[in-house]
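Heads up: numbering here begins at 1 and tracks the sequence. Below, each value reflects all heavy atoms present in this structure, side chains not excepted, and no hydrogens, waters or symmetry copies.
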Amino acid sequence: MEIKLGIGGDHAGYEYKKAIKAMLEKKGYEINDYGTHSEASVDYPDYIHPMAKDVEKNKISFGIAICGSGNGVAMTANKHQDIRAALCWNPELAVLARQHNDANMICLPSRFIDVEMAKSCVLSFLSADFEGGRHQRRVDKISC
């Protein structure tokens with residue numbers, strides 16, 4: 001499979017990261033794991049900034065970021081000019097993030113959805129394509 005993915009987050013997302021990474025590797029995706037690698041308390045920007053930079057440089061196609069609320073990782077990723085990180089808590093939002101917003105990172109709230117829902121969000125995100133058209137005009141206006 002030619003799509004290379006990044007995954008990372010903080011201690012609150014660690015168990016979800018492991019489960020999602022294992023699922024995606026079984027499906028043949030190549031995964032860059034940006035950390036963290038335990039449940040010890042860490043600062044999510046230390047893991048999300050490097051992943052966002054690699055999305056910007058096209059070293060990876062998409063990023064998967066996980067923390068307790070999903071907000072911290074989304075805010076961090078979206079500081080990068082060419083990142084469109086979407087906080088998603090159900091598959092419909094994940095699909096719309098790709099179709100309408102050309103999202104290149106999905107952010108998951110591990111304390112608000114179960115791991116099976118998180119997996120479903122990721123698979124939905126990866127299966128959707130940007131629709132372009134009227135949405136392209138809007139996406140072109142996102143960056144400052």
Side-chain angles (χ1 to χ4, degrees), residues 1-131 135-136 138-144:
M1 189 166 287
E2 60 189 79
I3 296 176
K4 191 172 190 178
L5 306 173
I7 192 166
D10 69 2
H11 49 282
Y14 172 67
E15 289 297 327
Y16 282 46
K17 180 180 71 81
K18 283 192 336 186
I20 293 166
K21 180 181 173 184
M23 173 197 68
L24 292 171
E25 286 176 337
K26 270 185 152 176
K27 293 185 176 293
Y29 288 96
E30 185 178 341
I31 310 292
N32 280 13
D33 187 338
Y34 292 84
T36 190
H37 301 290
S38 77
E39 291 182 325
S41 182
V42 296
D43 301 331
Y44 52 80
D46 296 340
Y47 306 97
I48 303 308
H49 283 305
M51 180 167 47
K53 287 177 185 174
D54 283 352
V55 172
E56 287 182 306
K57 294 176 186 173
N58 294 313
K59 291 183 177 181
I60 56 174
S61 300
F62 298 104
I64 303 161
I66 314 160
C67 71
S69 70
N71 282 313
V73 293
M75 290 176 188
T76 301
N78 280 318
K79 294 295 182 191
H80 294 260
Q81 187 69 14
D82 295 321
I83 296 299
R84 290 171 306 282
L87 174 58
C88 299
W89 56 88
N90 65 42
E92 294 81 11
L93 286 170
V95 167
L96 288 173
R98 287 285 308 126
Q99 289 178 338
H100 292 190
N101 309 115
D102 198 17
N104 50 18
M105 290 184 71
I106 183 171
C107 302
L108 302 167
S110 66
R111 292 187 176 139
F112 294 90
I113 60 174
D114 65 35
V115 72
E116 292 307 314
M117 180 61 74
K119 289 178 183 178
S120 182
C121 288
V122 169
L123 292 175
S124 296
F125 181 83
L126 294 173
S127 70
D129 293 315
F130 180 51
E131 292 178 350
H135 304 295
Q136 184 65 59
R138 297 167 186 150
V139 169
D140 289 343
K141 294 178 181 182
I142 293 174
S143 293
C144 293

> What's the verdict on side chain to side chain contact (heavy atoms under 4.5 Å, CB included) for Lys119 and Glu116, showing C-alpha distance, side-chain angles and the deciding distance?
Replying inline: CA-CA 5 Å; Lys119 289 178 183 178; Glu116 292 307 314; 3.4 Å; yes
For the atom pair [atom1] ([X]) and [atom2] ([Y]), what is the distance rounded to the nearest 0.5 Å?
X: Leu123; Y: Met23; atom1: CG; atom2: CE; result: 4.0 Å
X: Ile64; Y: Ile31; atom1: CD1; atom2: CD1; result: 6.0 Å
X: Ile20; Y: Tyr29; atom1: CD1; atom2: OH; result: 13.0 Å
X: Asp43; Y: Ile48; atom1: CG; atom2: CD1; result: 11.5 Å

Heavy-atom check, side chain of [X] versus side chain of [Y], under 4.5 Å:
X: Leu5; Y: Ile60; answer: no
X: Val122; Y: Leu108; answer: yes
X: Met75; Y: Lys79; answer: no
X: Asn32; Y: Lys59; answer: no
X: Ile66; Y: Ile7; answer: yes
X: Asp10; Y: Tyr47; answer: no
X: Arg111; Y: Cys67; answer: no
X: Asp102; Y: Ile142; answer: no

On a heavy-atom basis, which atom in [X] and which in [Y] lie closest, and how many Å separate them?
X: Gly70; Y: Val73; answer: O-CG2, 3.3 Å
X: Leu87; Y: Pro109; answer: CD1-CD, 4.1 Å
X: Tyr16; Y: Ala118; answer: CD2-CB, 3.7 Å
X: Met105; Y: Val55; answer: CG-CG2, 4.2 Å

> Can you list the residues that meet the side-chain hydrogen bond (donor to acceptor under 3.5 Å, both in side chains) rule with Gln81, with sequence neighbours excluded?
Replying inline: none
> Who pairs with Gln136 by side-chain hydrogen bond (donor to acceptor under 3.5 Å, both in side chains), at least two apart in sequence or on another chain?
Replying inline: Asp140
Can you name the residues that form a salt bridge (charged side-chain N to carboxylate O under 4.0 Å, His left out) with [X], not counting sequence neighbours?
X: Glu15; result: Lys18
X: Asp54; result: none
X: Asp82; result: none

> Going by the ring-ring contact (aromatic ring centres under 6.0 Å, His included) test, which pairs reach into residues 55-104, not counting sequence neighbours?
Replying inline: His49-His80, Phe62-Phe125, His100-His135
Any side-chain to backbone donor/acceptor pair from [X] onto [Y]? Under 3.5 Å, distance only.
X: Asn104; Y: Arg84; answer: yes
X: Ser110; Y: Ala12; answer: yes
X: Asn90; Y: Leu93; answer: yes

